[in-house]
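Counting starts at 1 for both ligands and their atoms, following the listed order.
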Amino acid sequence: MKYKIINFQKHGDDRGMLVALEENKEIPFNIKRVYYMYDTVAGVRRGYHAHKKLQQILICIHGSCKIHLDDGFDTAEVVLDKQFQGLYVANNMWREMYDFSPDAVLMVLASEYYDESDYIRNYHEFLEYVRGEDLL
Ligand code: TYD
């Protein structure tokens with residue numbers, strides 16, 4: 001499984017909605033870190049990296065955005081516009097985030113602490129890494 005949309009259970013009643021997430025249950029890993037993006041400037045596209053080890057769940061808890069995914073062989077575009085949906089992204093996946101609505105809040109649950117050495121920030125290097133071959 002390289003990526004997957006997960007529909008979280010909604011606890012709704014006449015007061016409104018609530019979603020609860022627990023590690024190793026709704027979230028298929030230990031949650032070591034949470035970060036979120038907001039006030040994203042119109043037209044910005046960010047990300048442009050892959051991770052060697054890190055797994056993540058992306059949840060657009062307000063507004064909407066799109067995620068471009070690339071495993072080195074196939075690509076996919078995913079729309080995140082529902083507060084009860086999470087996008088699981090495995091390691092070794094190139095990702096770019098774009099089309100943020102002005103009110104978008106993109107929250108990320110991460111399986112590892114922040115570690116710059118886990119990043120692959122060069123697309124060509126990423127392709128060589130996942131394909132296991134020298135492409136030059
Ligand atoms: P960056 O990796 O450029 O964000 P993205 O790839 O999602 O567009 O991160 C922006 C800044 O935030 C950069 O200085 C590193 C810092 N940062 C942390 O300190 N901890 C974190 O967990 C993350 C994701 C970023």
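A cation-pi arrangement, defined by a distance under 6.0 Å to the six-membered ring centre and an angle within 45 degrees of its axis, is absent between Lys4 and Tyr88. A cation-pi contact, defined as under 6.0 Å to the ring centre and within 45° of the axis, is absent between Arg33 and Tyr113.
By the 3.5 Å distance cut-off applied to N or O atoms, Met37 is not counted among the residues near ligand 1.
Here Glu77 does not pair with Lys66 in a salt bridge; the nearest charged N to carboxylate O distance is not below 4.0 Å.
Residue nearest to atom 19 (O) of ligand 1, selected from Tyr114, Tyr48, Tyr35: Tyr114 (by heavy-atom distance). The heavy atom nearest to atom 9 (O) of ligand 1, out of those in Glu112, Arg95, Arg33, Arg46, is found in Arg46.
Among Trp94, Tyr129, Tyr48, the single residue meeting the ring pair (Phe, Tyr, Trp, His ring centres under 6.0 Å) criterion with Tyr123 is Trp94.
Residue His49 has at least one heavy-atom neighbour below 4.0 Å for each of these atoms of ligand 1: 6 (O). Near Met97, meaning under 4.0 Å from one of its heavy atoms, ligand 1 places the atoms 7 (O).
Ser111 places a side-chain N or O within 3.5 Å of a backbone atom of Gln55 that can act as its donor or acceptor partner.
Within a 4.0 Å radius of atom 14 (O) of ligand 1, the protein has no heavy atom. There is no protein heavy atom less than 4.0 angstrom from atom 11 (C) of ligand 1.
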Set out, in order, the CA-CA distance, both residues' side-chain angles and the distance that settles salt bridge (charged side-chain N to carboxylate O under 4.0 Å, His left out) for Asp71 and Lys2, then state yes or no.
CA-CA 8 Å; Asp71 66 2; Lys2 287 177 176 151; 3.2 Å; yes

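For the pair Glu116 and ligand 1, no heavy-atom separation below 4.0 Å is found. Ligand 1 has at least one atom lying under 4.0 Å from a heavy atom of Arg121.
Side chains of Asn30 and Asn24: a donor-acceptor N/O pair is present below 3.5 angstrom, by distance only.
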